[in-house]
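Below: the structure, in structure tokens.
The first residue of the sequence shown is numbered 1, and numbering continues consecutively from there. Every heavy atom of this structure was used, including side-chain atoms; hydrogens, water molecules and symmetry mates were not.
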Amino acid sequence: MDKATVTTQRRMGVDGAKNREVLVDAAAHLLVTEGYAAITARRVAERAGLKVQLVYYYFQSMDELIVAVIRRNSARRIELLEEVAASAEPLRALWELNSDPNAAITQAELLSLANHRESIRNEVALHGKELRRLQIELVARLMTERGIDQSLYPAGAVVTIIAAIARARAQDCALGVSEGYDEAVEFIERGLNLFIAPTKA
């Protein structure tokens, strides 16, 4: 019996099972608090309060567990993006969504890991492109509704700047580096005011 067959027979845990979700929670927590190097079967099991054998009951490899974290994070951010679209000030809400420090740290750790593992790189790229596309579509729609000249303020540029500054700010501030960000935030705030819906008379 070859290794692939053994692996397939060993993995019996189903998606959506409570223990599986607990393991994904544990891996996500370790990713933020200790970095991707801490995501080992033993550490994840300890964090989850489960036996280490259960890690491989639900996941064929640690990469598969990390992919589950990526997919769940992506699904959650898409849900949050729908809330952003429905908010009174969508662009400000988008800025706040991208400014989440835990999300920024998670992204940084995943990018570091992606440099070493192709399966992770492909997954990060796939979901990153989809989220960026959805954000650009949202901002473009807002600009059209508010009559903003997209030749001066391209939706792609706005989304990219917001994401880059928010992520860099969260990552730097986690290290205690805050110089320049007060001014950058003020600059962003002035731009956000362009997207406030005009008051009806």
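- Under the 3.5 Å distance criterion, with hydrogens and angles disregarded, no donor-acceptor pair is assigned to the side chains of Glu123 and Ser74.
- We find the CD-CG distance between Glu89 and Leu142 to be 11.5 Å, quoted to the nearest 0.5 Å.
- Between Asp100 and Arg77 there is no salt bridge, since none of the side-chain N atoms of the basic residue sits less than 4.0 Å from a carboxylate O of the acidic one.
- Annotation: salt bridge (charged side-chain N to carboxylate O under 4.0 Å, His left out) contacts involving residues 168-194, sequence neighbours excluded, comprise Arg92-Glu189.
- The distance from atom CG of Asp63 to atom CD1 of Ile120, rounded to the nearest 0.5 Å, is 4.5 Å.
- Here the CD1 atom belonging to Ile39 is positioned 11.0 Å from the NE2 atom belonging to His29, to the nearest 0.5 angstrom.
- Of the listed residues (Thr106, Leu31, Leu110, Leu113), just one forms a side-chain contact (heavy atoms from CB on, under 4.5 Å) with Ile70, and that residue is Leu110.
- A salt bridge is defined here as a Lys NZ or Arg NE, NH1 or NH2 lying under 4.0 Å from an Asp or Glu carboxylate O, and Glu21 with Lys18 fails to meet this definition.
- The hydrophobic clustering, which links ILVMFWY residues whose side-chain heavy atoms are closer than 4.5 Å, places Leu80 and Val159 together.
- Residue Ile148 holds its CD1 atom at 8.5 Å from CG of Leu91, rounded to the nearest 0.5 Å.
- Grouping the Ile, Leu, Val, Met, Phe, Trp and Tyr side chains by contacts below 4.5 angstrom, directly or via other members, places Val52 apart from Leu54.
- Judged by distance alone, with hydrogens and angles left aside, the side-chain atoms of Thr160 form no donor-acceptor pair with the main-chain N or O of Ala157 at under 3.5 Å.
- For Arg43 against Ala38, the heavy-atom pair with the smallest separation is CB-O, 3.2 Å.
- Across every non-hydrogen atom of Ile78 and Leu131, the tightest pair is CG1-CD2, 3.5 Å.
- Val22 and Val24 end up in the same hydrophobic cluster when Ile, Leu, Val, Met, Phe, Trp and Tyr side chains are linked at under 4.5 Å.
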Checklist entry - Does the side-chain contact (heavy atoms from CB on, under 4.5 Å) test come out yes or no for Val139 and Ile162, once each step is laid out? => result CA-CA 11 Å; Val139 172; Ile162 285 178; 5.9 Å; no
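- Atom CD1 of Ile165 sits about 4.0 Å away from atom CD1 of Ile188, to the nearest 0.5 Å.
- With hydrogens and angles ignored, the 3.5 Å screen pairs a side-chain donor or acceptor of Arg121 with a backbone N or O of Ala114.
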Next on the checklist: One pair to check against side-chain contact (heavy atoms from CB on, under 4.5 Å): Asn98 and Gln135. What are the steps and the verdict?
Outcome noted: CA-CA 11 Å; Asn98 280 281; Gln135 292 183 54; 3.4 Å; yes
Checklist entry - Please walk me through it: do Ile161 and Phe187 pass side-chain contact (heavy atoms from CB on, under 4.5 Å)? => result CA-CA 11 Å; Ile161 290 169; Phe187 179 81; 5.8 Å; no
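- Closest non-hydrogen pair, Ala93 versus Ser87, comes out as CB-OG, 3.5 Å.
- Distance CG/Asp25 to CG/Asn19: 11.0 Å, rounded to 0.5 Å.
- Residues His127 and Asn73 form no side-chain contact, since every pair of their non-hydrogen atoms from C-beta on lies 4.5 Å or further apart.
- In this view, Ser112 and Tyr36 satisfy the side-chain contact (heavy atoms from CB on, under 4.5 Å) rule, not counting sequence neighbours.
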Checklist entry - Stepwise, does the side-chain contact (heavy atoms from CB on, under 4.5 Å) test hold for Tyr57 with Arg20? => result CA-CA 9 Å; Tyr57 176 75; Arg20 185 182 190 277; over 6 Å; no
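- Pro90 and Val84 make their closest contact through O-CG1, 3.2 Å (heavy atoms, listed as atom of the first residue, atom of the second, distance).
- The number of heavy-atom neighbours closer than 6.0 Å to CD of Glu79, taken from other residues, nucleotides and ligands shown, is above 12.
- Salt bridge annotation for Arg141-Glu137: absent, with no cationic side-chain nitrogen under 4.0 angstrom from a carboxylate oxygen.
- A donor-acceptor contact closer than 3.5 angstrom links the side chains of Ser151 and Asp149.
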